S.K.: 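The structure under discussion is supplied below as structure tokens; questions concerning it will follow.
Since the model is a prediction, treat every value here as computed from it, not as a measurement.
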Amino acid sequence: MKHILLLGAGRSASVLIAYLLQNAVKQNWTLTIGDISVTHLEETLVGRDYVNAVIFDVFDEMQRTSEVAKADLVISLLPAAFHIQVALECLKQHKNMITASYVSPEIQALHEKAETEGLTFMMECGLDPGIDHMSAMQVIHHIKESGGHIFSFKSYTGGLMAPESDTNPWNYKITWNPRNVVLAGQGTAKYLELSRYKYIPYHRLFSRTETFNVLDYGEFEGYANRDSLSYREPYGLQKIDTILRGTFRRKGYSEAWNALVQLGMTDDTYKLENSATMTYAEFTAAYLPAGNEALPLAERTAGYLGFSPESDTIFKLSWLGLFSDETIGLENASPAQVVEKMLVEKWKLSPGDKDMIVMQHIFDYELQGQKKRLTSSMVVLGEDEVRTAMAKTVGLPVGIAAKLMLQGEITEKGVVIPTKGAIYGPILRELKEHGIHFIEEVTPLEN
């Protein structure tokens with residue numbers, strides 16, 4: 001009998017927990033679920049004597065040591081900053097670990113020790129990162145094995161709303177950490193285009209977008225993620241001319257979000273002097289130059305940003321409440337925290353809302369003297385507020401990897417991401433059984 005310790009039972013863990021419970025009896029597993037609150041799990045776990053839930057504090061050394069000691073495998077869906085605590089404990093107690101998060105420098109530094117100890121720390125095994133790696137590598141390996149040469153690779157992912165739940169002017173609602181939504185894209189995006197290094201600073205990021213069509217779901221716009229260059233080596237694309245990874249949003253989102261950036265409202269580096277008593281209209285006016293105070297605030301904002309007062313972007317800002325006389329009511333808040341409060345209220349999910357994950361890879365390659373484009377697209381729809389598309393695409397790959405690891409099917413050691421066929425092959429095959437799959441289209445390119 002194998003024992004799994006799952007740390008983290010938030011929104012994105014719901015489908016993973018269901019998967020582990022469904023497989024536990026057949027696979028002869030027992031399961032402990034730990035988080036700062038587990039009361040929401042009580043109904044799910046009734047009558048299941050092979051699983052228990054505990055209130056867990058990752059910084060409680062005695063508890064951390066005790067719970068990890070009982071486990072054959074540790075899965076961490078805790079906030080990314082806490083994974084290093086779990087990893088160090090797993091290294092000390094000779095336990096394998098899986099997470100859905102990016103490899104941090106601190107965890108990457110454990111690679112040689114983990115490899116020497118014969119341990120597998122499987123990272124980046126969720127949605128993005130995770131399914132993006134696996135699906136891209138499957139195509140990359142296929143093209144290379146066929147004798148082809150890939151000269152361009154672009155990949156975009158977005159967590160959005162299903163069409164029937166896409167009911168506000170921004171075509172967006174919050175399905176993950178709202179603070180991360182506000183701070184998304186900060187830093188400089190780096191990528192390669194036609195063999196030239198390209199850089200997009202944050203203040204220009206949302207004005208540099210491309211438009212894409214994905215299956216029958218219409219148009220999306222994509223903006224570049226922070227560092228696409230780092231994927232050349234793990235993807236085996238060191239000689240590629242163009243490589244870019246980015247984020248999908250619906251058309252018009254980026255222009256409106258760029259207005260917030262240009263105003264300075266996404267800055268999290270300082271505190272406002274009177275945010276508790278300030279209104280949203282006063283907040284907006286604080287970022288406009290003096291003069292023309294007789295004009296309506298929306299018109300002044302439009303003129304400053306270079307938009308017509310009747311533009312879609314100004315309508316989106318007005319819909320958020322930036323021109324309202326409502327009091328902010330946040331003590332000692334940064335501009336980004338004010339925006340976050342506004343978004344949490346305006347972009348909240350309604351009962352019955354369903355989310356949607358959209359991913360698309362675009363490979364340009366040459367095979368037998370002919371240039372072609374392979375477009376690989378995935379759309380996953382949520383079922384309800386619990387079995388969301390986000391929870392499916394994060395949780396199922398992690399659950400399948402856990403099963404493979406406990407069965408001894410994953411043999412690679414050290415800090416690992418799922419870019420090898422022995423790992424991604426069986427995971428992608430089982431994901432297809434759950435309705436998560438890619439549709440590929442090949443079209444000729446002019447030579």
S.K.: Charged N to carboxylate O below 4.0 Å: is that the case for K392 and E383?
M.R.: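 Looking at K392 and E383, the cut-off is met.
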S.K.: Can you check whether S334's main-chain N or O pairs, donor with acceptor, with Q337's side chain at less than 3.5 Å?
M.R.: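 Side chain of Q337 to backbone of S334, a donor-acceptor pair under 3.5 Å: yes, one is there.
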S.K.: Near I36 CD1, under 6.0 Å, is it more than 12 heavy atoms from other residues, nucleotides or ligands?
M.R.: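 Counting other residues, nucleotides and ligands, CD1 of I36 stays at 12 neighbours or fewer.
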S.K.: Which label fits F438 and H361: parallel for a plane angle under 30°, tilted from 30 to 60°, or perpendicular past 60°?
M.R.: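 The arrangement is parallel - the two ring planes meet at less than 30°.
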S.K.: Looking at E193 and K198, is there a salt bridge between them, counting it only when a charged N and a carboxylate O are closer than 4.0 Å?
M.R.: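 No, no charged N to carboxylate O under 4.0 Å.
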S.K.: Treating S146 as the side-chain partner and H142 as the backbone partner, does any N or O pair qualify as donor plus acceptor under 3.5 Å?
M.R.: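 Pair found, side chain donor or acceptor close to backbone of H142.
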S.K.: Let me see the working for Y424 and H141 under ring-ring contact (aromatic ring centres under 6.0 Å, His included), right down to the final yes or no.
M.R.: CA-CA 11 Å; Y424 68 67; H141 285 154; 5.7 Å; yes
S.K.: Step by step, would you call Y304 with T301 a side-chain contact (heavy atoms from CB on, under 4.5 Å)?
M.R.: CA-CA 5 Å; Y304 180 65; T301 305; 5.8 Å; no
S.K.: So L431 and I400, do their side chains get closer than 4.5 Å, heavy atoms only?
M.R.: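 I400 vs L431: side chains touch.
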S.K.: Decide if atom CD of Q238 counts as having more than 12 heavy atoms of other residues, nucleotides or ligands within a radius under 6.0 Å.
M.R.: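 Yes, enclosed.
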S.K.: On the 0 to 90° scale, with breaks at 30° and 60°, tag the W347-Y253 ring pair as parallel, tilted or perpendicular.
M.R.: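 It falls in the tilted class, 30° to 60°.
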S.K.: List the steps, then state whether side-chain contact (heavy atoms from CB on, under 4.5 Å) holds for V261 with L205.
M.R.: CA-CA 10 Å; V261 174; L205 182 64; over 6 Å; no
S.K.: CD/E89 to CG/L5 distance, rounded to the nearest 0.5 angstrom?
M.R.: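 E89 atom CD to L5 atom CG measures 10.5 Å (nearest 0.5 Å).
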S.K.: Do K113 and F121 meet the cation-pi criteria used here (NZ or CZ under 6.0 Å from the six-membered ring centre, within 45° of the axis)?
M.R.: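 Geometry flag: not set, cation outside 6.0 Å or 45°.
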S.K.: Can you find a heavy atom in the side chain of M134 that is under 4.5 Å from one in the side chain of P397?
M.R.: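 Answer yes - side chains close enough.
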S.K.: How long is the span from the CZ atom in F248 to the CD atom in E221, to the nearest 0.5 Å?
M.R.: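 Spacing of CZ (F248) from CD (E221) equals 10.5 Å.
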S.K.: What's the verdict on ring-ring contact (aromatic ring centres under 6.0 Å, His included) for F212 and F220, showing C-alpha distance, side-chain angles and the deciding distance?
M.R.: CA-CA 5 Å; F212 301 85; F220 298 83; 9.2 Å; no
S.K.: How close do A53 and L41 get, heavy atom to heavy atom, and via which atoms?
M.R.: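 Looking at all heavy atoms of both residues, the shortest contact is CB-CD1, 4.3 Å.
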S.K.: Would you confirm whether Q138, through its side chain, and G421, through its main-chain N or O, come within 3.5 Å as a donor-acceptor pair?
M.R.: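 Checking the backbone N and O of G421 against the side chain of Q138, no donor-acceptor pair under 3.5 Å is found.
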S.K.: Hey, can you tell me if Y235 and H133 have their rings parallel, tilted or perpendicular (30° and 60° cut-offs)?
M.R.: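 The arrangement is perpendicular - the two ring planes meet at more than 60°.
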S.K.: First locate atom NZ of K413, then atom OG1 of T120, and finally report the distance between them rounded to the nearest 0.5 Å.
M.R.: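 Atom-to-atom, K413:NZ and T120:OG1 are 4.0 Å apart.
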S.K.: Indicate yes or no: at least one non-hydrogen side-chain atom of E210 is less than 4.5 angstrom from one of Y156.
M.R.: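 SC-SC contact between E210 and Y156 confirmed.
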S.K.: I need the minimum non-hydrogen distance between G8 and A13, along with the two atoms involved.
M.R.: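 Heavy atoms only, the tightest pair is O-CB, 3.7 Å.
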S.K.: Would M265 and L322 count as a side-chain contact (heavy atoms from CB on, under 4.5 Å) here? Give the steps.
M.R.: CA-CA 11 Å; M265 293 179 173; L322 277 176; 3.8 Å; yes
S.K.: Within a strict 4.5 Å, meaning less than it, do heavy atoms of the V181 and Y172 side chains meet?
M.R.: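 A side-chain contact exists here, since the closest heavy-atom pair is under 4.5 Å.
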S.K.: Would a distance-only check, ignoring hydrogens and angles, find a side-chain to backbone donor-acceptor pair under 3.5 Å from R373 to F363?
M.R.: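 Not at all, since once roles are kept as given, no pair shorter than 3.5 Å links the two residues.
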S.K.: Have a look at L20 and tell me which of V15, I33, V398, L31 forms a side chain to side chain contact (heavy atoms under 4.5 Å, CB included) with it.
M.R.: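 Testing each of V15, I33, V398, L31 against L20, the sole residue satisfying side chain to side chain contact (heavy atoms under 4.5 Å, CB included) is L31.
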S.K.: When you measure from the side chain of Q360 to the backbone of N213, do you find a donor-acceptor pair of N or O atoms at a distance under 3.5 Å?
M.R.: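 Confirmed, Q360 side chain pairs with N213 backbone.
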S.K.: Could you report the tightest heavy-atom contact between A184 and Y202, atom names first, then the distance?
M.R.: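 Taking A184 first and Y202 second, the nearest heavy atoms are O-CE1, 3.7 Å.
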S.K.: Would you check, one step at a time, whether the test salt bridge (Lys or Arg N to Asp or Glu O under 4.0 Å) holds for E345 with K348?
M.R.: CA-CA 6 Å; E345 295 168 355; K348 64 183 177 183; over 6 Å; no
S.K.: Between R245 (side chain only) and R226 (backbone N and O only), is there a donor and an acceptor less than 3.5 Å apart?
M.R.: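 Looks like no, no N/O pair under 3.5 Å.
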S.K.: What is the minimum heavy-atom distance between L381 and A389, and which atoms define it?
M.R.: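 Shortest heavy-atom contact: C-CB, 3.8 Å.
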S.K.: With Q27 as reference, evaluate Q22, Q407, K2 under the side-chain hydrogen bond (donor to acceptor under 3.5 Å, both in side chains) test and give the passing residue.
M.R.: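 Exactly one option meets the side-chain hydrogen bond (donor to acceptor under 3.5 Å, both in side chains) with Q27, and it is Q407.
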S.K.: Do V380 and M378 make a side-chain contact, defined as non-hydrogen atoms from C-beta onward lying under 4.5 Å apart?
M.R.: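 V380 reaches M378 side chain to side chain.
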S.K.: Distance-only, no hydrogens or angles: does the D355 side chain make a donor-acceptor pair with backbone N or O of M390 under 3.5 Å?
M.R.: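 Here the side-chain-to-backbone pair exists.
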S.K.: Just how far is it from atom NE2 of H83 to atom CG of L88, taken to the nearest 0.5 Å?
M.R.: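 Rounded to the nearest 0.5 Å, the NE2-CG separation comes to 13.0 Å.
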S.K.: Rounded to the nearest 0.5 Å, what separates atom CG in D267 from atom OG1 in T269?
M.R.: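 The distance works out to 3.5 Å.
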S.K.: Examine the side chains of T30 and K70 and answer whether a donor and an acceptor come within less than 3.5 Å of each other.
M.R.: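 The criterion, which ignores hydrogens and geometry beyond distance, is not satisfied for K70 and T30.
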S.K.: Using atom types as modelled and distance alone, determine if a side-chain donor or acceptor of D128 lies under 3.5 Å from a backbone N or O of T157.
M.R.: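 Not a single qualifying donor-acceptor pair exists.
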S.K.: Give the minimum heavy-atom separation between L320 and L260, together with the two atoms involved.
M.R.: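 So the two residues come closest at CD1-CD1, 4.5 Å.
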S.K.: Would D241 and S152 count as a side chain to side chain donor-acceptor pair (under 3.5 Å) here? Give the steps.
M.R.: CA-CA 6 Å; D241 299 329; S152 175; over 6 Å; no
S.K.: Between the side chains of Y217 and S377, is a donor N or O closer than 3.5 angstrom to an acceptor N or O?
M.R.: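 Short answer, no.
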S.K.: Using side chain to side chain donor-acceptor pair (under 3.5 Å), reason through T313 and E255 one step at a time and then give a plain yes or no.
M.R.: CA-CA 7 Å; T313 289; E255 181 179 86; 2.7 Å; yes
S.K.: For the backbone of L194 and the side chain of T242, can you confirm whether one donor and one acceptor N or O come within less than 3.5 Å of each other?
M.R.: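 Yes; at least one donor-acceptor contact below 3.5 Å.
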S.K.: Near N180 CG, under 6.0 Å, is it more than 12 heavy atoms from other residues, nucleotides or ligands?
M.R.: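 Yes, CG of N180 has more than 12 neighbouring heavy atoms, counting only those of other groups under 6.0 Å.
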S.K.: Classify the ring geometry between Y197 and Y199 as parallel (under 30°), tilted (30 to 60°) or perpendicular (over 60°).
M.R.: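 Ring orientation, 0 to 90° scale: parallel.
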S.K.: Are K346 and N168 close enough that some pair of their side-chain heavy atoms sits under 4.5 Å apart?
M.R.: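 No; the side chains remain at least 4.5 Å from each other.
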S.K.: What verdict does the side-chain contact (heavy atoms from CB on, under 4.5 Å) test give for V394 and L16, after you've listed the backbone C-alpha separation in whole Å, the side-chain angles of each residue and the deciding distance to 0.1 Å?
M.R.: CA-CA 8 Å; V394 171; L16 170 60; over 6 Å; no
S.K.: Within the 4.5 Å heavy-atom criterion, are D166 and L160 side-chain neighbours or not?
M.R.: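 The answer is no, as the side chains (C-beta and beyond) never meet within the 4.5 Å cut-off.
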S.K.: Would you check if the side chain of D312 reaches a backbone N or O of K316 as a donor-acceptor pair within less than 3.5 Å?
M.R.: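 No, the answer is negative, given that no donor and acceptor are paired below the 3.5 Å cut-off.
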S.K.: Measure across S165 and K173 and return the closest heavy-atom pair with its distance rounded to 0.1 Å.
M.R.: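 Scanning both residues, the minimum pair turns out to be O-NZ, 3.2 Å.
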S.K.: Mind checking the OG1-CE spacing from T388 to M356? Nearest 0.5 Å is all I need.
M.R.: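 These two atoms lie 13.5 Å from each other.
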S.K.: Any heavy-atom pair between the side chains of L288 and L263 that's under 4.5 Å?
M.R.: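 Yes, close enough: below the 4.5 Å cut-off.
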